[in-house]
Protein chains: 2
Amino acid sequence: MIDDISLQILSILQEKARIPNVEVARQVGLAPSAVLERIRKLEKQGIIDGYEVRLNPEKLHRDLVAFLQITLDRPEACTSVAEALSALPDTQEVHYITGNDAFLVKLRSSSVTELHRTVQKHIAGLPGIARVHTHIALATHKESAKIPLDAIIP
Amino acid sequence: MIDDISLQILSILQEKARIPNVEVARQVGLAPSAVLERIRKLEKQGIIDGYEVRLNPEKLHRDLVAFLQITLDRPEACTSVAEALSALPDTQEVHYITGNDAFLVKLRSSSVTELHRTVQKHIAGLPGIARVHTHIALATHKESAKIPLDAIIP
DNA sequence: TCTGAAAAAATGTCGGG
DNA sequence: CCCGACATTTTTTCAGA
């Protein structure tokens, strides 16, 4: 399915996506053209989904992380609520969670004032929503989308 | 602090970080060298923190998302627990949350079996931990680290 | 799938405004 | 802070193994 060299390439890119191709080639011991061919293939297969810049939230006034636990009145509202939540610019994650059948939503705002405004104006009133529990992050010790690759069997 | 053109550049990079510099220059109406200068400056300022490849978790057998709510016995254990949680490869996020004074941890695993193993072997036994509540995501509707830039006042 | 060489394109440098 | 020309480096293509 995916061999060891491609895993190595993914691992290198996951650390530093803007590393030049020639450098990746050197590290895995192939010619640049071979590496390019592999990367193109990984992109076409959808294993590589894209490339993102990592911005510093603090320096851009987006240092308030909050989690909302949203329970529903009516199960039918699930889809529409999910779409409405996902459409908000402050929303970073929307998951439907086992247990109490609720959404867990991660928001990034500029302040508690703005968070409150977003919840009141765009979330609390959505049809189908019963309760919104808001939890604010006092500290964020880790925040990453990295996927561990060493566990994958080639 | 940061002007409109730099915000435009960040916005373009946030959509597609691997876009060539000349293309960014064309879109913002500057010479490539001017754009390069701005990007270097943003990197040095720490506003741009790095570049990441976005991998598809499903295609890499990492499609199980779980959230742990971890309450502590002893408040002094906070730091050591945070470090231990952050060190686990499956851990993607570790937040300390208001309300019940607990950690909210996001994990990405390959299966419920592996999730269970990780919790039992590396988390439940950590000194200072009182309870671990595990919630599994049945569906993930949005998952992004994008920061909305249009709200920022230049 | 890989290589190596050549062509095409982008990045990086720098004097000057 | 920007431009534009030039040097350097990288990406991309391609024929052959």
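Below, read A as the first sequence line, B as the second, and so on, with proteins coming before strands; counting in each chain starts at 1.
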**Q.** Length of the line joining B:Leu30:CG and D:dG4:P, which is rounded to integer Å
**A.** 11 Å
Q) Within a strict 4.5 Å, meaning less than it, do heavy atoms of the A:Leu13 and B:Leu55 side chains meet? A) no
(Q) Looking at D:dC2, I'd like to know if its phosphate oxygens (OP1 or OP2) sit under 4.0 Å from a side-chain N or O belonging to B:Arg38. (A) yes
Q: Give the rounded distance in Å between these two atoms: CG of B:Asn21 and P of C:dA10.
A: 10 Å
Q: Using a 4.0 Å heavy-atom cut-off across all strands, classify A:Arg18 as base, sugar-phosphate, or nothing.
A: nothing
Q. C:dG12 base to B:Ser33 side chain: any donor-acceptor pair below 3.5 Å?
A. no
**Q.** B:Ser109 side chain to B:Glu114 backbone, donor-acceptor under 3.5 Å
**A.** no
**Q.** For atom CG of B:Leu36 and atom P of C:dT13, their distance in whole Å
**A.** 8 Å
Q: Test B:Lys106 against A:Glu93 for side-chain contact (heavy atoms from CB on, under 4.5 Å), laying out the working first.
A: CA-CA 11 Å; B:Lys106 181 185 178 189; A:Glu93 305 191 22; 2.9 Å; yes
Q) Is there a donor-acceptor contact under 3.5 Å from the side chain of A:Thr91 to the main chain of A:Leu85? A) yes
Q. So what does A:Ala34 hit on the nucleic acid, given a heavy-atom distance under 4.0 Å: a base, only sugar-phosphate, or nothing?
A. base
(Q) What is the distance, to the nearest angstrom, from the CZ atom on A:Arg26 to the P atom on C:dT3? (A) 15 Å
Q: Provide, to the nearest angstrom, the distance between the CD1 atom belonging to A:Ile19 and the C1' atom belonging to C:dT11.
A: 16 Å
